[in-house]
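These notes are about the structure you will find just below.
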Amino acid sequence: MANCPKCGYKLRMIDIKAECPKCGVNLIYFNHQERLAEDADKAEEEYIKMQPKIDRVKFAFAGTKLSILRLILLFVPIGMLFLPLAQIKVQMPYNDIDTSVSVLNLAMDVIAKFEFSILSIAPLAAVVCYFISILGVLVSAVFAILNIPFVSVSCSPKGFKRNVTLSVCGIVAIVVAIISFLVFNSQLQNSFGAMYSGNIGIGAFLVIVAYLAIIAINVVIKKKNVPVKYKDVSEYVERIERRKAEIAEMEAEAEALRKAYAAEKATSK
């Protein structure tokens with residue numbers, strides 16, 4: 001047979017009541033409230049660990065006026081990528097092309113309309129630069145998008161470096177796209193003369209300006225070094241400590257009862 005979980009009394013076949021014959025504790029519901037309290041304590045401990053992280057995320061997005069301004073600026077490079085990044089004009093038999101390049105029409109208007117007809121007879125360097133330029137724009141767009149979710153961890157130790165690095169990578173990608181497009185332009189103008197013309201649009205430079213603005217606002221926020229406003233969780237900490245003390249006291253009492261029962265049993269023998 002089992003023993004009483006509180007005093008250690010060895011239960012017999014005739015002990016059919018719900019209470020322990022020795023200490024009177026309810027065998028069915030013994031420690032039931034304590035187990036529920038332990039679950040509540042675990043939930044509160046998780047809350048205590050999670051709350052500072054939530055506070056840092058909230059502070060990173062809207063903790064100060066500068067944080068709100070940074071959040072707005074994060075969307076600017078994405079918007080600038082929808083502006084004309086380049087202008088391309090091609091005079092071909094039965095098919096003239098006059099289009100501006102942006103993220104919105106990059107796949108549909110540039111790649112589709114080109115149909116690779118000119119690229120098939122263009123110098124290899126021009127073809128390579130053409131695709132590098134497109135890739136640079138797309139990569140810059142990826143870094144612009146990544147800036148938004150990563151701002152949530154701006155208050156972490158590496159937050160500032162991460163934010164600046166993402167913006168710098170976005171600038172590098174768009175600069176590579178611009179340089180590649182200029183080489184592409186030069187190669188095609190040498191090969192096709194007046195049949196082809198192209199130039200960099202204002203959108204490409206505005207993307208760089210937008211990234212620089214994000215870097216600048218991150219530097220200002222770093223210099224201001226406004227402390228994060230954490231929610232007070234001392235009430236939960238005190239409650240958990242109090243519960244731990246109560247549980248320790250109950251366990252000590254139960255251990256004393258078990259020892260007393262064991263001593264009594266040994267004496268009776």
Side-chain angles (χ1 to χ4, degrees), residues 39-85 102-104 106-107 134-178 201-241 243-244:
D39 292 338
D41 288 345
K42 289 179 182 178
E44 289 184 346
E45 285 175 355
E46 289 299 322
Y47 170 76
I48 291 170
K49 292 178 182 177
M50 184 60 63
Q51 187 58 46
K53 297 178 182 179
I54 296 173
D55 292 336
R56 286 194 290 269
V57 171
K58 289 170 63 177
F59 191 82
F61 279 113
T64 63
K65 292 181 179 178
L66 288 174
S67 300
I68 297 172
L69 178 59
R70 176 176 59 186
L71 182 60
I72 295 171
L73 289 176
L74 291 177
F75 291 92
V76 176
I78 300 174
M80 297 301 101
L81 287 167
F82 284 88
L83 296 178
L85 304 176
S102 68
V103 166
L104 184 62
L106 193 57
I134 291 176
L135 183 62
V137 172
L138 295 177
V139 170
S140 183
V142 169
F143 281 114
I145 294 171
L146 286 176
N147 252 328
I148 298 171
F150 273 106
V151 77
S152 63
V153 288
S154 295
C155 296
S156 64
K158 296 182 180 179
F160 173 73
K161 292 181 180 179
R162 187 187 298 110
N163 291 344
V164 172
T165 300
L166 287 172
S167 296
V168 169
C169 289
I171 292 174
V172 171
I174 199 68
V175 169
V176 168
I178 291 172
I202 187 65
F205 300 105
L206 290 178
V207 171
I208 297 175
V209 172
Y211 274 123
L212 290 174
I214 294 174
I215 293 174
I217 194 67
N218 276 303
V219 170
V220 173
I221 291 174
K222 178 68 174 178
K223 287 187 175 180
K224 289 285 185 181
N225 197 25
V226 179
V228 179
K229 297 178 181 177
Y230 289 104
K231 186 175 181 180
D232 184 16
V233 294
S234 58
E235 175 188 350
Y236 301 97
V237 175
E238 290 174 2
R239 186 156 56 216
I240 290 173
E241 293 299 325
R243 279 290 307 150
K244 287 181 178 178

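One is the number of the first residue; the rest follow in order along the sequence.
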Closest contact, heavy atoms only, Phe59 versus Lys229: CD1-N, 3.9 Å
Residue pair Ala60 / Arg70: nearest heavy atoms and the distance that separates them: O-NH2, 3.0 Å
Expected output: side-chain Tyr211 to main-chain Ala144 donor-acceptor under 3.5 Å: yes
Main-chain N/O of Leu81 paired to Ser102 side chain as donor or acceptor, under 3.5 Å: no
Student check: side-chain heavy atoms of [X] and [Y] closer than 4.5 Å:
{"X": "Leu66", "Y": "Val226", "value": "no"}
{"X": "Val57", "Y": "Lys53", "value": "no"}
{"X": "Ser67", "Y": "Phe61", "value": "no"}

Matching residue for Val172 among Ile174, Val176, Val175 - test: side chain to side chain contact (heavy atoms under 4.5 Å, CB included): Val176
Pair Ile221-Asn163, side chain to side chain contact (heavy atoms under 4.5 Å, CB included): steps then yes or no: CA-CA 12 Å; Ile221 291 174; Asn163 291 344; over 6 Å; no
Chi angles and distances behind the side chain to side chain contact (heavy atoms under 4.5 Å, CB included) call for Asn218, Lys222: CA-CA 6 Å; Asn218 276 303; Lys222 178 68 174 178; over 6 Å; no
Look up atom [atom1] in [X] and atom [atom2] in [Y], then write down how far apart they are to the nearest 0.5 Å.
{"X": "Leu74", "Y": "Ile145", "atom1": "CG", "atom2": "CD1", "result": "12.0 Å"}
{"X": "Ile202", "Y": "Leu83", "atom1": "CD1", "atom2": "CG", "result": "8.5 Å"}
{"X": "Phe205", "Y": "Leu85", "atom1": "CZ", "atom2": "CG", "result": "10.5 Å"}

